[in-house]
Chemist: 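Below you will find the structure I want to go over with you.
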Amino acid sequence: MEVNELKNISSQVRRDIVRMVTAVQSGHPGGSLGCADFLTVLYFQQMNISPESFTMDGKNEDLFFLSNGHISPVLYSVLAHRGYFDKSELSTFRKIGSRLQGHPSPAKGIPGVRIATGSLGQGLSVGIGAAQTKKLNNDSSIVYTLHGDGELQEGQIWEAAMYAAANKVDNLIATVDYNHKQIDGDLDDVLPMGDLSKKWQAFGWEVLEMDGHHIPEVIETLQKAKELTGNGKPIVIIMKTEMGQGVDFMMGTHKWHGSAPSEEQAENALSQLEETLGDY
Amino acid sequence: MKKFEIQNHKDTRSGFGAGLSELGKTNENVVALCADLTGSLKMNDFQDAHPERFFQVGIAEANMIGMAAGLTIGGKIPFTGTFANFSTGRVYDQIRQSVAYSNKNVKICASHAGLTLGEDGATHQILEDIGLMKMLPNMTVISPCDYNETKAATIAIAEYEGPVYLRFGRPKVPNFTDPNKKFEIGKADILSEGKDVTIIATGHMVWKAIEASEILLEKGINPEIINIHTIKPLDEKAVLESINKTKCVVTAEEHMMNGGLGDSIAQLLAKKIPTPLEMVAVDDSFGESGKGEELLTKYNINTADIVRAAEKVISRK
């Protein structure tokens, strides 16, 4: 898929995110907007998946786990456009009875979601388990996970990081959304993480870095990560992003981590995001 | 009253180890994880026979539970093993989100439950685990009474699709159930029929209930003994049928009164047929170091306490 097509998809995904959180006046637009380019490239170009015939076991296909479950709007929009379910269902986001829960969950059977996430720090362990099952099943597919940078403050992440390196879980590509922001403010004010790349290296991981908004670079880095699988080391991509990317007044601040825009603000936001695939 | 013959004295954790070992041979989807307590959990045989299906995770229980949830994706049946305290309280949120809410086919196998863990003391003697686990939707809670039953339960839960908490213990205790009996999840086991009082017990306390019943019989009281090995889902029908006959109940468990088996029975009776009930359980207290039997006596959950509770509850009819 061409870079321009991917850009068109991520623009529509960003529109969906703004419309979804505005409609219910809740949800997490900031991190969702920041990961729109990455998830678009991953789902539309990199992963080997079967959206029309979703199974929980996902045998012989790549798997993705959203460990930072609060950015569910971006996941739901990407899943819908990729064909897991009809995009009209995006209008049910966070409403009673919906399969699109505030944080992702397989409880109501939404295709594309294999684990509940939201309470942070658990998705890397889940990804490791799924990756080990793929090895036992002689399934050469890859398991992907995405994490917030603030999420790395959870101890379970480092239990998992230690395990994966020690046990050569090399069919796993984790990505960290390094936007330097969390609910209470700047990451470096809440709890500084030090040198993230060196931390992961010290834990025995292969570390790549990329600009999460430069689509050609995202493509190139994900391809490189794939080539590095099977070499005895788990892989992590430190992805530099901007929270709120694509909407000028949401960028450069943590304030839009978990707040929805007003109707007026949403109109302003949508004027900055081209409708490319048709709104839901 | 039926006579029960002690075949030998064995620890229930060894029943788990034997069951897991058998599953290793019969079900290639069974995998096992342990957090640095392989010997204590008696998982060595499985580890030696199937190293590729055994995951030593180190002292990292949260990661173990998350990994187990992930292992189910693709069809594996993970059995996690560590002490009951580290199997539940330490990882409650991991179980809640990644296992119970996600409805994953994980078997959480927990040894050294209750006071009879002994000398290690209250830090390790969890008395809240049944309550924690039974509150979780989708979770099945099983607490077998001896070696044979623990082995059979271990094998049975592999056949059942869904999250299970399997609780067992450390000490050698009388092994008396039929080694050939198939374990039926959710089905109460009426050990002996009687008419004066129903004694409902789980885990190690089932044998104590039998001992207490022999004493009661000498006093002219004829108790009915029910082994509730599956605390959730509770076999309500069996309990209510027995109570229709005896009109009073004693529950016995090596667990906190709040949240345990007795609490489940009380809820059932209050809703269906209010009946005098006495609970033999630890009353809002942590344990302490000591020998298992000493602790059961000190914390009022030994054989004599069941006898006293039965006499008291009969007087309340």
Side-chain angles (χ1 to χ4, degrees), chain A residues 54-65 67 69 101 103-110 113-139 141 143 145 154-167 169 171-172, chain B residues 24 27-36 50-80 82 86 90-108 136-139 161-163:
Chain A
F54 173 77
T55 62
M56 185 52 76
D57 280 342
K59 286 186 177 166
N60 300 310
E61 60 177 311
D62 294 337
L63 304 178
F64 172 76
F65 299 105
S67 192
Q101 290 292 296
H103 295 81
S105 160
K108 293 178 188 286
I110 189 73
V113 176
R114 293 188 169 88
I115 197 83
T117 52
S119 176
L120 294 170
Q122 301 185 27
L124 189 57
S125 305
V126 173
I128 292 168
Q132 296 285 36
T133 285
K134 289 216 173 282
K135 288 195 176 200
L136 287 170
N137 289 344
N138 295 315
D139 174 347
S141 312
V143 175
T145 59
E154 291 282 6
Q156 187 180 347
I157 290 286
W158 302 103
E159 292 184 6
M162 256 187 286
Y163 180 91
N167 291 280
V169 184
N171 51 346
L172 174 69
Chain B
N27 190 334
E28 64 177 17
N29 282 326
V30 168
V31 299
L33 304 89
C34 188
D36 197 32
H50 314 284
E52 75 291 352
R53 284 194 268 150
F54 181 81
F55 301 90
Q56 170 61 270
V57 301
I59 311 166
E61 295 83 6
N63 185 45
M64 176 169 74
I65 296 295
M67 274 183 61
L71 278 157
T72 65
I73 299 168
K76 299 302 167 201
I77 308 171
F79 282 62
T80 67
T82 182
F86 314 136
R90 182 159 188 111
V91 289
Y92 195 66
D93 188 46
Q94 284 76 18
I95 295 174
R96 180 176 182 274
Q97 175 171 284
S98 295
V99 177
Y101 183 39
S102 295
N103 204 11
K104 296 300 181 205
N105 195 21
V106 174
K107 316 304 171 186
I108 299 160
L136 290 170
N138 294 334
M139 185 65 74
E161 174 87 24

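Just so you know, these numbers use all the heavy atoms, side chains as well, and skip hydrogens, waters and symmetry mates. Below, read A as the first sequence line, B as the second, and so on, with proteins coming before strands; counting in each chain starts at 1.
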Chemist: Below 4.5 Å from any heavy atom of chain A, which atoms of B:E28 appear? Answer side chain, backbone, both or neither.
Modeler: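 Interface part for B:E28: neither.
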
Chemist: Heavy-atom cut-off 4.5 Å, strictly under: side chain, backbone, both or neither for B:D93 against chain A?
Modeler: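 When you check distances to chain A, atoms from both the backbone and side chain of B:D93 fall under 4.5 Å.
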
Chemist: Shortest non-hydrogen contact from B:K104 to A:M56?
Modeler: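 Looking at all heavy atoms of both residues, the shortest contact is NZ-SD, 3.2 Å.
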
Chemist: Out of curiosity, A:I115 CD1 to B:Y101 OH, how far, rounded to the nearest 0.5 Å?
Modeler: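 Atom-to-atom, A:I115:CD1 and B:Y101:OH are 11.5 Å apart.
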
Chemist: Go through the atoms of A:L124 and report whether side chain, backbone, both or neither lie under 4.5 Å from a heavy atom of chain B.
Modeler: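 For A:L124, there is no contact with chain B at all, as no heavy atom is under 4.5 Å.
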
Chemist: Hey, what do you get for OG1 (A:T133) to CE (B:M67), rounding to the nearest 0.5 Å?
Modeler: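 Going from OG1 on A:T133 over to CE on B:M67, the span is 8.5 Å.
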
Chemist: Which region of B:V99, side chain (C-beta onward) or backbone (N, CA, C, O), has a non-hydrogen atom less than 4.5 Å from a non-hydrogen atom of chain A, or is it both or neither?
Modeler: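 The answer is neither part of B:V99.
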
Chemist: Any side-chain heavy-atom pair from B:V57 and A:E159 closer than 4.5 angstrom?
Modeler: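 Not in contact.
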
Chemist: Is it the backbone or the side chain of A:Q101 that comes under 4.5 Å from a heavy atom of chain B, or both, or neither?
Modeler: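 It is the side chain, since no backbone atom gets that close.
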
Chemist: Taking atom CZ as the centre, does B:R96 end up with more than 12 heavy-atom neighbours from other residues, nucleotides or ligands that are less than 6.0 angstrom away?
Modeler: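 No, because the 6.0 Å sphere around CZ of B:R96 holds 12 heavy atoms or fewer from other groups.
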
Chemist: Do B:I73 and A:F65 touch side chain to side chain, with heavy atoms closer than 4.5 Å?
Modeler: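 Side chain of B:I73 against side chain of A:F65, heavy atoms only: contact under 4.5 Å found.
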
Chemist: Give the minimum heavy-atom separation between A:A116 and B:S102, together with the two atoms involved.
Modeler: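 Here A:A116 and B:S102 meet closest at N-OG, 2.8 Å.
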
Chemist: Given the options A:A130, A:A131, A:S119, which has more heavy-atom pairs under 4.5 Å with chain B than any of the others?
Modeler: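 The residue among A:A130, A:A131, A:S119 with the greatest pair count is A:S119.
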
Chemist: Please name the pair of heavy atoms, one in A:V126 and one in B:A69, separated by the smallest distance, quoted to 0.1 Å.
Modeler: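 Nearest heavy atoms, A:V126 then B:A69: CG2-CB, 4.4 Å.
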
Chemist: Measuring from B:Q97:CD to A:Q122:CD, what's the distance to the nearest 0.5 Å?
Modeler: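 One gets 4.5 Å once the value is rounded to the nearest 0.5 Å.
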
Chemist: Work out which heavy atom in B:V31 is nearest to a heavy atom in A:L136; give both atom names and the distance.
Modeler: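 Heavy atoms only, the tightest pair is CG1-CD1, 3.9 Å.
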
Chemist: Rounded to the nearest 0.5 Å, how far does CD of B:E61 lie from CD of A:Q156?
Modeler: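 The distance works out to 11.0 Å.
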
Chemist: Can any side-chain N or O of A:N137 pair as donor or acceptor with the backbone N or O of B:G74 at less than 3.5 Å?
Modeler: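 Confirmed, A:N137 side chain pairs with B:G74 backbone.
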
Chemist: How far apart are the closest heavy atoms of B:A62 and A:S125, and which atoms are they?
Modeler: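 The pair with the smallest heavy-atom distance is O-OG, 4.5 Å.
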
Chemist: Hey, what do you get for CZ (B:F55) to CD1 (A:I128), rounding to the nearest 0.5 Å?
Modeler: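 Interatomic distance, B:F55 CZ to A:I128 CD1, rounded to 0.5 Å: 11.0 Å.
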
